[in-house]
Amino acid sequence: MAFVNDNFLNIPETYLFSEIARKVNTYKEENPTANIIRLGIGDVTRPLAPAVITALHAAVDEMAQSATFRGYGPEQGYAFLRETVVAHDYTASGIGIAPDEVFVSDGAKSDTGNFGDILGPNNVIAVTDPVYPVYVDTNAMAGRAGKPQADGKWEKIIYLPCTKENNFIPALPETRPDVIYLCYPNNPTGTTLKKSELKQWVDYARANDVLILFDAAYEAFISEADVPHSIYEIEGAKEVAVEFRSFSKTAGFTGLRCGYTVIPKTLMVNSTEHGKVALNRLWNRRQTTKFNGTAYIVQRGAEAVYSAEGQAQIKETIATYMNNAHIIRKGIEAKNLTCFGGINAPYIWLKTPDSISSWQFFDRLLTEINVVGTPGVGFGPHGEGYFRLTAFGSLAQTEEAMQRIAGWKL
Ligand code: MLT
């Protein structure tokens, strides 16, 4: 009989958001009349933009005619989308990225999770703490994390604490890692790095021969000037950083699935046998072997996000989410709780009152006022004592949740 990948036996039995869904479903079964408001997983609630819907319909019609039908598409994504991405997200900001440095995919979760395929098993990984669990769990699956420890950390991972004391800006690592995952605007804390702060990371990576995996899934929510939308706004980043982007939160594609990854051809990493090797070529090899491309219809939908109508429509939706974020912040502050984020990101990270752990806060919020959030400790040990609320609910749900919190005996 075959053997399993034992690394899977080291990771928690369930993924964070699956565990939360399980708890909420159990509660709902036991309390069928409970009116539960879900502000846990960052899943969007507004429908797709009309411009996207029109493009999807048109693409479906193309698939119905032999003259315009499409079978397998390019694994890297269709040129129409790669070129549009480059023109809009990079060239327009003065950043020189070429279409063949862009790889279209079914989302940033898959790409950040799969990227480890092309990295050696002995790389030392650094993550901010708290952190989006995909980065840690997928490295644990690949055997790069070592064994889980009693303190909630992994043996071989370098954790960079982000706390209110350091304003959620991690200090540069004391020991040199090979790979650093950065996510800005940050999930889960909703905080950001200014350009000068991100520059320190790029400079560090350049000076120490470190690869940065930069997750920019929330860049569309940035409202302040001086917060970079792309790591390539920083000089020299094209030699050290891969950037992941997503249409999920930007344009409501959490169910439709589309994202892209940028790997500049100037980004070279080390091979034990071949000196410096271009990551772009290896990712292309990986994708052409393991991925058959994002659906044509979906890519036409993503292209429509960049049309004038599409841009106006997604901006309006983003504004409604950020209005929710504002309502949540005000409600949390009125409750005399401290909170962070929600200015350049759709997440609000609140400090639980002293004696209440993240999971206790979760249980009480669910059972006492039927509101679901995400326990901070689910994102890493330094998330203990924190709790995340998402701004992706409807306005009515958000207002109702904050009314319940206002009247809650905490
Ligand atoms: C989250 O809630 O952190 C995100 O929705 C998860 C994801 O994007 O995969």
Side-chain angles (χ1 to χ4, degrees), residues 11-12 14-24 36-46 105-116 127-139 141 162 168 181-192 213-221 243-261 294 302 317-318 321-322 324-325 328 340-342 344-350 358-359 362 365-366 371-380 382-383 386-394 397-398 401:
I11 56 176
T14 44
Y15 179 59
L16 173 63
F17 292 106
S18 315
E19 175 61 12
I20 290 170
R22 192 192 60 74
K23 277 180 178 268
V24 175
I36 295 174
I37 299 177
R38 292 167 199 261
L39 303 180
I41 190 166
D43 193 7
V44 295
T45 50
R46 298 249 306 182
S105 71
D106 65 345
K109 180 182 186 179
S110 320
D111 281 0
T112 53
N114 289 329
F115 207 79
V127 295
T128 58
D129 174 18
V131 70
Y132 180 42
V134 169
Y135 314 151
V136 171
D137 287 5
T138 55
N139 276 292
M141 289 171 181
C162 296
F168 302 96
Y181 288 82
L182 294 178
C183 172
Y184 289 100
N186 187 253
N187 177 18
T189 65
T191 57
T192 45
L213 298 180
F214 189 76
D215 187 346
Y218 298 94
E219 65 76 30
F221 295 84
E243 178 161 291
F244 303 93
R245 295 254 193 136
S246 170
F247 294 94
S248 286
K249 317 294 158 80
T250 307
F253 275 50
T254 52
L256 206 54
R257 308 305 310 154
C258 194
Y260 65 86
T261 290
T294 305
T317 291
I318 287 170
Y321 291 140
M322 293 314 282
N324 290 346
I328 296 172
F340 308 90
N344 295 297
Y347 295 121
I348 289 84
W349 187 244
L350 66 94
S358 294
W359 277 111
F362 172 90
L365 202 65
L366 172 62
V371 174
V372 179
T374 309
V377 72
F379 297 100
H382 278 91
Y386 289 90
F387 197 78
R388 194 193 77 175
L389 292 172
T390 147
F392 286 123
S394 68
Q397 286 170 328
T398 305

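Reckoned from all heavy atoms, side chains included, excluding hydrogens, waters and symmetry mates. Just so you know, ligand 1 is whichever comes first in the structure, and atom 1 is the first atom listed for that ligand. Bear in mind the structure is a predicted one, so any value in this text is a computation, not a measurement.
- Note on ring orientation: taking the six-membered ring where Trp is involved, the planes of Tyr321 and Phe221 are tilted (angle from 30° to 60°).
- Of the polar atoms of Tyr132, at least one N or O is found under 3.5 Å from an N or O of ligand 1, judged by distance alone.
- Listed by chain and number, the residues in a salt bridge (Lys or Arg N to Asp or Glu O under 4.0 Å) with Arg245 are Asp89, Glu219, Glu243 (sequence neighbours excluded).
- Residue Gly42 has at least one N or O atom closer than 3.5 Å to an N or O atom of ligand 1.
- Put simply, CZ on Phe392 and OG1 on Thr254 are 8.5 Å apart, with the number rounded to the nearest 0.5 Å.
- Asp215 meets the side chain to side chain donor-acceptor pair (under 3.5 Å) test with Tyr135; sequence neighbours excluded.
- In this structure, Asn324 CG and Gln397 CD are separated by 9.0 Å, a value rounded to the nearest 0.5 Å.
- Below 4.0 Å from some heavy atom of Tyr347 lie the following atoms of ligand 1, by number and element: 1 (C), 2 (O), 3 (O), 4 (C), 5 (O).
- Of the options Thr374, Val372, Val377, a side chain to side chain contact (heavy atoms under 4.5 Å, CB included) to Phe362 is made by Val372 and by none of the others.
- Atoms of ligand 1 found under 4.0 Å from any heavy atom of Phe17 (numbered from 1 in listed order, with element): 1 (C), 2 (O), 3 (O).
- Ligand 1 has an N or O atom lying under 3.5 Å from an N or O atom of Asn187, backbone or side chain.
- Taking any N or O of Lys249, backbone or side chain, at least one lies under 3.5 Å from an N or O belonging to ligand 1.
- Every atom of ligand 1 with a heavy atom of Ile41 under 4.0 Å away is listed here by number and element: 2 (O), 5 (O).
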